[in-house]
Amino acid sequence: MTYKIASWNVNSIKARLDHARAWLESESPDVLFLQELKGEICPDISPDYTLNFVGQKAYNGVAILTKGAAQMVLDHLPEDDLDTQARYLEVDWRGVRLINIYLPNGNPIDTDKFSYKIKWMKRLLNRISELRAGAVPFLIGGDFNVIPDEKDCYDPAAWAGDALFSPEARGLFRAMIHQGLVDAYRVIDHQAGAYTFWDYQAGAWPRNNGIRIDHFLLSPLLADRLVTVRIDKTPRGWDQPSDHTPIIIEISDE
DNA sequence: ATGGTTGGAAGCCAA
């Protein structure tokens, strides 16, 4: 038996409610992470799932849908009590710590948005360090807003100077790997040209001008249990789609 | 292509 765990930035759950429901119906994952809810409340998406979420007006917002109960652990990233952006959710589910993130975009690079991104990533690293010191297997999934490598974007030169491809953000992503976490997609599939996001503008989708910024990072115990990983490009081709598409992993249930 | 598109808000901002 395996657990199927998916992540999808829906760019407004209100605008994408039908898509979310249709995709849940067809894929029936055990867990679904959603990002960019863009509202204070999250509508009831499916009676088959337990819903945990943290939201705010207009921006951000993350949800974790689970088959069966999940226990809320944290609804914000520790260290900054003044940070009110809804970007982090941590729950326990069937012996696994599930962490859903919507990591700050950070553009433009010469503003406080970028420094906020970098500080947020350092706080996440500290949280990873705490979790690594513990015994609970954990995974971090979501929209990282980081292009890890040149092969994760269609044209590296076009992304030079962008916060998603900045040396600082890529370095901090590597620091997570150095803490022992495994980029699930790179374990199974080493091909270039596999993306999770295509801009709405300039025909990025039909030209496949995408980037891989939605990830699952697995703690060592979970990395050993990884069975498959794939990106489902189908929903990006639907009418009035999100600019992101789901990434799905399967892990053995022990 | 110093453009282009989308969503939520409110008469622009974030992505």
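Residue numbers begin at 1 in each chain, while the letters A, B, ... track the order of the sequences.
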Seminar exercise, completed: Atom CG of Asp239(A) and atom C1' of dT6(B) are separated, to the nearest Å, by 13 Å

Exercise. Within the structure shown, what part of the strands sits under 4.0 Å from Arg87(A) by heavy-atom distance: base, sugar-phosphate, or nothing?
Worked result: sugar-phosphate

Exercise. Base, sugar-phosphate, or nothing for Tyr102(A), non-hydrogen atoms under 4.0 angstrom?
Worked result: sugar-phosphate

Exercise. To the nearest Å, how far apart are Leu103(A) CG and dA14(B) P?
Worked result: 17 Å

Problem set entry | Distance, P atom - from dG3(B) to dG7(B), rounded to whole angstrom | 23 Å

For this session: Hey, could you give me each pair passing salt bridge (Lys or Arg N to Asp or Glu O under 4.0 Å) that has a residue in residues 155-171 of chain A? Not counting sequence neighbours.
Result: none

For this session: Could you name each residue pair satisfying salt bridge (Lys or Arg N to Asp or Glu O under 4.0 Å) that touches residues 84-97 of chain A, not counting sequence neighbours?
Result: Glu90(A)-Arg97(A), Glu90(A)-Arg127(A), Asp92(A)-Arg97(A)

Problem set entry | Where at least one partner belongs to residues 108-122 of chain A, residue pairs that pass side chain to side chain donor-acceptor pair (under 3.5 Å), sequence neighbours excluded | Asp83(A)-Tyr116(A)

Exercise. Atom OH of Tyr116(A) to atom P of dA15(B): distance rounded to whole Å?
Worked result: 10 Å

Problem set entry | Contacts of Tyr102(A) that satisfy side-chain hydrogen bond (donor to acceptor under 3.5 Å, both in side chains) - sequence neighbours left out | Glu36(A)

Seminar exercise, completed: The ring pair (Phe, Tyr, Trp, His ring centres under 6.0 Å) partners of Phe138(A) (sequence neighbours excluded) come to none

For this session: Can you tell me, in whole Å, how much space there is between the P of dA10(B) and that of dT6(B)?
Result: 22 Å

Problem set entry | Gap in Å between the two P atoms, one belonging to dA1(B) and one to dC13(B), rounded | 27 Å

Exercise. Starting at NE2 of His244(A) and ending at C1' of dT6(B), how long is that distance when rounded to a whole Å?
Worked result: 12 Å

For this session: Rounded to the nearest angstrom, tell me the gap between atom CZ in Phe114(A) and atom P in dA15(B).
Result: 14 Å

Exercise. Quick one: salt bridge (Lys or Arg N to Asp or Glu O under 4.0 Å) pairs with a partner in residues 193-212 of chain A, sequence neighbours left out?
Worked result: Asp152(A)-Arg212(A), Asp183(A)-Arg212(A)

For this session: Mind calculating the distance between CG (Asn9(A)) and P (dA14(B)) to the nearest angstrom?
Result: 17 Å

Tabulate atom names and distances for all N/O pairs under 3.5 angstrom spanning the protein and nucleotides 7-10 of chain B.
unit_1: dG7(B); atom_1: OP1; unit_2: Arg16(A); atom_2: NH1; d: 3.2
unit_1: dG7(B); atom_1: O3'; unit_2: Ser12(A); atom_2: OG; d: 3.1
unit_1: dG8(B); atom_1: OP1; unit_2: Ser12(A); atom_2: OG; d: 2.1

Exercise. Expressed in whole Å, how much space separates the P atoms belonging to dT2(B) and dA14(B)?
Worked result: 22 Å

For this session: Pick the P atom in dA9(B) and in dG4(B), then give their distance to the nearest Å.
Result: 25 Å

Exercise. Given side chains that start at C-beta, do those of Leu164(A) and Asn105(A) come closer than 4.5 Å, heavy atoms only?
Worked result: yes

For nucleotides 2-4 of chain B, which of its nitrogen or oxygen atoms have a protein nitrogen or oxygen under 3.5 Å away, and what is each distance?
unit_1: dG4(B); atom_1: N9; unit_2: Gln201(A); atom_2: OE1; d: 2.7
unit_1: dG4(B); atom_1: N7; unit_2: Gln201(A); atom_2: OE1; d: 3.2
unit_1: dG4(B); atom_1: N3; unit_2: Gln201(A); atom_2: OE1; d: 3.2

Exercise. Hey, are the side chains of Val229(A) and Ile248(A) touching, using non-hydrogen atoms and a 4.5 Å cut-off?
Worked result: no

For this session: Could you label the plane-to-plane angle of the Phe33(A) and Phe216(A) rings as parallel, tilted or perpendicular, counting under 30° as parallel and over 60° as perpendicular?
Result: tilted

For this session: Could you tell me the separation between the CH2 atom of Trp238(A) and the C1' atom of dT6(B), rounded to a whole number of Å?
Result: 18 Å

Exercise. Which residues satisfy the ring pair (Phe, Tyr, Trp, His ring centres under 6.0 Å) test with Tyr49(A), sequence neighbours excluded?
Worked result: none

Exercise. Between atom CG in Asn105(A) and atom P in dA14(B), what is the gap in whole Å?
Worked result: 11 Å

